[in-house]
Amino acid sequence: MKDRLEALRAEALDRLQTVEDAASLNDLRVHYLGKKGQLTEILRGMGALSAEERPIIGQVANDVRAAIEEVLARKQEAFDRAETARRLQAETLDVTLPGKAPAVGSLHPLTKVAQEIEDIFLGMGYTIAEGPEVETDYFNFEALNLPKNHPARDMQDSFYITDDILLRTHTSPVQIRTMQAMKGQTPVKVICPGKVYRRDDDDATHSFMFHQVEGLVVGPNIRMSDLKGTLLQFVREMYGSQMQIRLRPSFFPFTEPSAEVDVTCVKCGGRGCRMCKHTGWIEILGCGMIHPAVLEHGGYDPSEVTGFAFGMGIERIALLKYEIDDIRHFYANDLRFLSQFAKM
Ligand code: DAH
């Protein structure tokens, strides 16, 4: 029996020497040491041994098992190491390779400027109101003190849908909608950004569709100086703290008195250049004290409250801010133009 054990050891160690992969190694483990393996097979004969022989053979059997196990373990470890090395090799990532920058979009310059305008007024305690782009004659004209056949309607050539419905020509109708929604409460303090439409031929300074921001403040004792201070603050936050404004008398049916506001020329700083036609000033918006008839249409009593309003073109604010010379750039969706605003 001892000879059979020794022969088993020799055979097992011999075959283990040449095993080439983990699966064959496992087969050999089962073949020699498994429950139904060769070693167990030999040890079945133990019962026939004498009491003296049994411990001796038992010792030999243990030695054989230990010797086989040791080689199995060594081989297993070698296979494990090789497998790890193979995977490291196969799954190598070269983190020093140059990356591919993902194409990141950016906000449209008009969106940026609109958000900037909104932020400035939100900072002054305004809220944002919106109204429909398809508007009634009443809100777009009538309630703003522009009755039918009023010559000032010609100031804004309109896209009519029916006799009574049109694409709004300005954001001013949101003034009336906001006042009516507030039902006489004060203060009213909103800005109203949005698209407006006019029957203009497109050129470097005109577009049939553009954007405006309307401002509206109603309350007791609102004065023209409040309007002027508000606009000065806005202009300085938008273009820089050195900016000045001047108000020139003007006419709008919905305000009385009305003014047009000029800002220090953004290009020459007021010294005079081609952009400001050597005046040092650039016109940026219209404004005024709300006409009593307009307050009444909004549901407010002009003997109790006053208010101011202003309206500006977002394109105009943006053209000046970025010194762009043609409004059509905003609508052409040319990436060479748009991508310049990505990092601004
Ligand atoms: N609605 C005017 C326009 O589109 C702009 C404007 C002027 C708005 C004076 C106002 C204002 O609120 O007070 O030309």
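Remember, it's 1-based here, ligands and their atoms both numbered in the order they're listed.
Within the 4.0 Å heavy-atom shell around ligand 1 one finds Q212. Under a 4.0 angstrom heavy-atom cut-off, F308 registers as lying outside contact with ligand 1. Contact analysis puts R198 in contact with ligand 1, with a non-hydrogen atom separation below 4.0 angstrom.
Taking every heavy atom of F252 and a limit of under 4.0 angstrom, the matching atoms of ligand 1 come to 7 (C), 9 (C). Interface of T255 with ligand 1, defined as ligand atoms under 4.0 Å from a residue heavy atom, comprises 13 (O). Within the listing of ligand 1, atoms 12 (O), 13 (O) sit less than 4.0 angstrom from a heavy atom of A309. Of all atoms in ligand 1, listed by their number and element, those nearer than 4.0 Å to a heavy atom of G311 are 6 (C), 8 (C), 10 (C), 12 (O). Listed by number with element, the atoms of ligand 1 under 4.0 angstrom from any heavy atom of Q175 are 12 (O). Ligand 1 places these atoms under 4.0 Å from at least one heavy atom of G288: 13 (O). Taking every non-hydrogen atom of S172 and a distance limit under 4.0 Å, the qualifying atoms of ligand 1 come out as 1 (N), 8 (C).
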Take E135 and Y197, measure what side chain to side chain donor-acceptor pair (under 3.5 Å) needs, and give me the verdict at the end.
-> CA-CA 11 Å; E135 191 51 285; Y197 302 83; over 6 Å; no

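At a 3.5 angstrom cut-off on N or O pairs, T169 does not count as close to ligand 1.
Of the listed residues (H170, R168, E214), the one carrying the non-hydrogen atom nearest atom 10 (C) of ligand 1 is E214.
In terms of heavy-atom proximity, R316 sits nearest to I284 at NE-CA, 4.2 Å. Residues A129 and P193 approach most closely at O-CD, 3.6 Å, considering heavy atoms.
Ion pair R328/D326 flagged as a salt bridge, since at least one NZ, NE, NH1 or NH2 atom sits closer than 4.0 Å to an Asp/Glu carboxylate oxygen. For R74 and E70, the salt-bridge test passes: some basic side-chain N is under 4.0 Å from an acidic carboxylate O.
Hydrophobic clustering, with ILVMFWY side chains joined whenever heavy atoms are under 4.5 angstrom apart, groups L8 together with L33.
Aromatic rings from F341 and Y322 are positioned such that their centres are separated by under 6.0 Å.
Among residue pairs with one or both ends in residues 247-257, those qualifying as salt bridge (Lys or Arg N to Asp or Glu O under 4.0 Å) are R248-E260, R248-D262, R248-E283; sequence neighbours excluded.
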